[in-house]
Amino acid sequence: MDNKRKRAHIVAYYLSRFDKVALSNLGYKTDKEAFHKIAQALDVLPNYIKFRRDEFDVAHPHRKGWHKRPMTMSIINTINALQEIDERALRSIVLEYSGERRRSRSVR
């Protein structure tokens with residue numbers, strides 16, 4: 001997996017795990033806005049962010065996600081690597097990747 005897709009996995013994990021808090025803390029009003037702006041910054045398609053988020057949703061209570069599809073090893077490895085990182089630290093990583101550090105707002 002190339003570097004931009006690894007970063008997209010981390011961002012998608014953050015969006016899945018923290019859901020609406022993530023959107024708010026990143027300064028976005030909608031999922032669609034987040035997908036488009038983050039995808040542009042990472043040079044991937046917006047649906048790549050959305051689909052990865054949907055894959056992570058199985059591990060979080062906000063949406064069903066792709067619950068009928070087995071998790072790939074890359075999804076499992078990302079969850080294992082990031083599950084102990086708190087929201088603030090993970091947000092910092094996401095902001096660095098997305099080039100949106102100036103937009104951040106802390107709700108929690």
Side-chain angles (χ1 to χ4, degrees):
M1 180 183 324
D2 65 30
N3 199 36
K4 65 184 176 182
R5 283 187 170 75
K6 286 179 186 176
R7 290 178 175 198
H9 269 230
I10 292 168
V11 172
Y13 173 84
Y14 175 76
L15 292 173
S16 173
R17 181 173 161 197
F18 296 105
D19 196 41
K20 299 304 179 197
V21 170
L23 289 179
S24 179
N25 284 351
L26 293 174
Y28 300 118
K29 293 181 181 171
T30 66
D31 290 326
K32 185 175 182 178
E33 178 188 13
F35 299 149
H36 281 276
K37 291 194 176 175
I38 292 168
Q40 183 178 23
L42 295 177
D43 191 29
V44 297
L45 295 173
N47 276 346
Y48 189 81
I49 303 290
K50 180 188 182 303
F51 293 155
R52 296 302 74 80
R53 192 250 357 233
D54 292 349
E55 286 187 287
F56 288 114
D57 281 346
V58 175
H60 303 113
H62 311 292
R63 285 175 298 278
K64 282 187 180 181
W66 291 357
H67 66 280
K68 294 184 179 182
R69 177 180 168 168
M71 279 194 263
T72 64
M73 282 309 297
S74 63
I75 297 298
I76 293 167
N77 290 339
T78 303
I79 291 169
N80 289 338
L82 302 177
Q83 65 187 350
E84 299 298 323
I85 299 176
D86 68 19
E87 189 278 330
R88 185 178 297 237
L90 198 51
R91 177 181 1 127
S92 178
I93 294 166
V94 168
L95 289 168
E96 181 179 324
Y97 290 168
S98 67
E100 296 285 337
R101 186 167 293 283
R102 69 191 178 284
R103 292 181 51 138
S104 176
R105 295 183 301 201
S106 181
V107 175
R108 289 188 177 177

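Both backbone and side-chain heavy atoms feed into the values below; hydrogens, waters and symmetry mates do not. If you read the sequence from its start, that first residue is 1, and numbering goes on from there.
- Considering only heavy atoms from C-beta on, R7 stays 4.5 Å or farther from I10 through its side chain.
- Remark: Y28 OH to F35 CZ distance equals 11.5 Å, nearest 0.5 Å.
- Side-chain contact check for I93 versus Y14: every heavy-atom pair is 4.5 Å or farther apart.
- Residues A41 and S98 approach most closely at CB-O, 3.1 Å, considering heavy atoms.
- Taking the side chain as every heavy atom from C-beta outward, D19 and L23 never approach each other to under 4.5 Å.
- Under the 4.5 Å side-chain heavy-atom criterion for ILVMFWY residues, no single connected hydrophobic cluster contains both Y97 and L45.
- The side-chain heavy atoms of F18 and R91, taken from C-beta on, include no pair separated by under 4.5 Å.
- Between F56 and I75, the closest side-chain pair of non-hydrogen atoms falls below 4.5 Å.
- Considering all non-hydrogen atoms of both residues, S16 and D57 come closest at OG-OD1, 2.8 Å.
- When all heavy atoms of L90 and R17 are compared, the closest pair comes out as CD2-NH1, 4.3 Å.
- The CG atom of N25 sits 9.0 Å away from atom CG of L95, with the distance rounded to the nearest 0.5 Å.
- Once rounded to the nearest 0.5 Å, the distance linking CD1 of I76 with CD of E55 reads 10.5 Å.
- Atoms CD1 and CG, from I49 and D31 in turn, are 12.0 Å apart once rounded to the nearest 0.5 Å.
- A cation-pi arrangement, defined by a distance under 6.0 Å to the six-membered ring centre and an angle within 45 degrees of its axis, is present between R52 and Y48.
- Taken to the nearest 0.5 Å, the CG atom of L15 stands 12.0 Å off from the NZ atom of K50.
- Taking the ring centroids of H60 and Y13, they lie under the 6.0 Å cut-off.
- To the nearest 0.5 angstrom, T78 atom OG1 is 5.5 Å from H9 atom NE2.
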